[in-house]
Amino acid sequence: MKIELDRIAKDTNLFLKNFLKKQNSSKLIPAMKYGLFPGGKKIRSKILIDIGYLLSINYKTLIAVGAAVECIHAYSLIHDDLPCMDNDKIRRGKPSTHIKFGESTAVLAGNSLLTMAFEILSSPNFKVSEKIKINLIKKLSQCAGHAGIAGGQYLDLSYEKKKISKNKIIEMEIKKTGKLFSFCCAAPAIIKKKAKKEIKFFEILGSKIGLLFQIADDLIDFKGSSKKAGKKTGKDQKKGKATLISLLGYNNAVKYCDKIIFDANNKFKKYGSNSKNISETLNYILKRDK
Ligand code: GRG
C-alpha cells in the first residue's frame with residue numbers, strides 16, 4: 001500500500017512539475033511549488049486511481065485528474081494556514097507558505113493553484129472528450145466552492161466554541177473535506193460516461209471516505225505526535241473546534257470510522273477482488289499517523 005501510494009505521489013508530482021515547466025515564469029511559482037510538493041501524501045490521487053481501477057480507466061488520464069485535485073488541495077492548505085483562517089505556522093514539517101513567503105504571496109499562490117487545476121483539466125494534452133472535460137470541471141468547481149470546501153471551511157470557523165449537533169458536524173466535515181474525495185470517486189464514473197445514478201453512487205461513497213479521512217485527521221490532532229504529523233497537534237481542543245471527537249469521545253469516533261469502512265467495503269463487494277486496493281487505502285486512512 002505504502003509503495004503504491006509513493007509511486008502515485010511520484011507520478012503526480014512529475015506531471016505537475018512538467019506542467020509548471022511549460023508555464024510562463026512568474027514570481028509566484030516558487031510559493032506554488034512549495035505548497036504543492038514537499039511532504040504531501042497525495043492520498044486523493046490514490047483514491048482516484050483505486051476507483052479508476054474498478055472502472056478500468058487509463059492510469060495516465062487518472063494522474064492528470066489527480067494533479068488537478070492536488071492543486072486544489074494544496075490551495076486549500078495554504079489558505080487554511082493563514083492567520084485569518086486556522087493560523088498555523090507549521091505544515092508538512094516546515095514553515096507554512098505564508099510564514100516562508102509572506103501573507104500576500106501565499107494568498108496569490110493559493111489562488112493561482114486553484115485556477116491551475118482548471119487549466120489542467122481544460123488542456124488539449126488531457127485526452128478525453130470536450131463533454132467529459134466540461135463535466136469534470138463542473139463537478140470540481142462545485143466541490144471547491146461555497147457548497148463544498150469553501151462553504152465547509154466557513155462552517156468550521158463559525159462553529160468554534162459552540163455546541164453543535166452531530167448532523168451539523170458531519171455536514172461541515174463532508175463539505176470541508178469530503179467533497180474533494182467525492183469528486184475523486186465520481187471522476188472515474190464521469191470519464192466512463194456512466195449514468196447519473198451511478199455517478200451519484202460514487203459521489204456519496206466519496207463523501208463518506210472524506211468524512212472518514214477528516215475524523216482520522218481529528219484523531220491525529222487529539223492523540224498524535226506533532227513530529228510525526230508534521231503539524232501542530234492538540235489544536236482542536238484549544239480552539240474549541242466542533243468535531244465528532246469533542247461530541248462523542250475518542251473511542252466512539254473510532255467506532256464511527258470502523259462503521260464507515262465496513263459499509264464502504266460492503267458497497268465495493270460487487271467489484272470482487274478488484275476492490276482490494278481501495279479497501280487497503282481505507283484501512284490506511286484510519287491507521288495513519290500523518
Ligand atoms: C475553496 C479550495 C478552497 C479553499 C479555501 C481554507 C479553505 C477554504 C478550506 C480548508 C479546507 C481544509 C484545509 C480541510 C482540511 C482537510 C484535511 C484533513 C487536510 C489534510 O490533508 P492531507 O493529510 O495533507 O492529505 P497532505 O499534507 O498529506 O497533502
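Just follow the structure's listing: the first ligand is 1, and inside any ligand the first atom is 1.
- Checking Asn13 against Lys10 by side-chain atom types alone, no donor-acceptor pair falls below 3.5 Å.
- Applying salt bridge (charged side-chain N to carboxylate O under 4.0 Å, His left out) to Lys231 and the options Asp81, Asp88, Asp217, Asp236 leaves one that passes, Asp217.
- Side-chain contact between Lys42 and His73 is absent, with no heavy atoms from C-beta onward closer than 4.5 Å.
- For ligand 1, the atoms lying closer than 4.0 Å to a non-hydrogen atom of Leu77 are 13 (C), 19 (C).
- Of the protein's non-hydrogen atoms, Arg44 NH1, 2.7 Å is the one closest to atom 25 (O) of ligand 1.
- At most 12 non-hydrogen atoms from other residues, nucleotides or ligands lie less than 6.0 angstrom from NZ of Lys33.
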Go through the steps for Leu212 and Phe181 under the test side-chain contact (heavy atoms from CB on, under 4.5 Å), then give the verdict. CA-CA 10 Å; Leu212 167 73; Phe181 284 84; over 6 Å; no
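- The nearest heavy-atom contact from the protein to atom 12 (C) of ligand 1 is Lys176 CG, 4.0 Å.
- In summary, the atoms of ligand 1 found under 4.0 Å from a heavy atom of Asp217, numbered by their order in the structure, are 18 (C).
- Residue Gln237 qualifies as open at atom CD: its count of foreign heavy atoms under 6.0 Å is 12 or below.
- When only modelled atom types and interatomic distance are considered, Asn277 and Glu4 share no side-chain donor-acceptor pair under 3.5 Å.
- Remark: minimum distance from atom 24 (O) of ligand 1 to any protein heavy atom is reached at His73 NE2, 3.3 Å.
- Taking every heavy atom of Ala144 and a limit of under 4.0 angstrom, the matching atoms of ligand 1 come to 1 (C).
- In this structure, Arg288 satisfies the cation-pi test against Phe213, with its NZ or CZ atom closer than 6.0 Å to the six-membered ring centre and inside 45 degrees of the ring normal.
- If you check which protein heavy atom lies closest to atom 3 (C) of ligand 1, you get Tyr75 CE2, 3.3 Å.
- For ligand 1, the atoms closer than 4.0 angstrom to any heavy atom of Gly40 are 26 (P), 27 (O), 28 (O), 29 (O).
- Open room surrounds NZ on Lys208; 12 or fewer heavy atoms of other groups in view lie less than 6.0 Å from it.
- Ligand 1 places these atoms under 4.0 Å from at least one heavy atom of Gln214: 15 (C), 16 (C), 18 (C).
- For atom 16 (C) of ligand 1, the closest non-hydrogen atom of the protein is Thr177 OG1, 3.5 Å.
- In terms of protein heavy-atom proximity, atom 23 (O) of ligand 1 is closest to Lys41 NZ, 2.5 Å.
- With atom 4 (C) of ligand 1 as the reference point, the heavy atom nearest to it among Ser76, Gly39, Gly93 is part of Ser76.
- When each atom of ligand 1 is checked for a heavy atom of Arg92 under 4.0 Å away, the hits are 26 (P), 27 (O), 29 (O).
- Contact annotation for Leu114 and ligand 1: no heavy atom of the residue comes within less than 4.0 Å of the ligand.
- For OH of Tyr154, the number of neighbouring non-hydrogen atoms (other residues, nucleotides, ligands) closer than 6.0 Å is 12 at most.
- In summary, the atoms of ligand 1 found under 4.0 Å from a heavy atom of Gln153, numbered by their order in the structure, are 6 (C), 7 (C), 8 (C), 9 (C), 10 (C), 11 (C).
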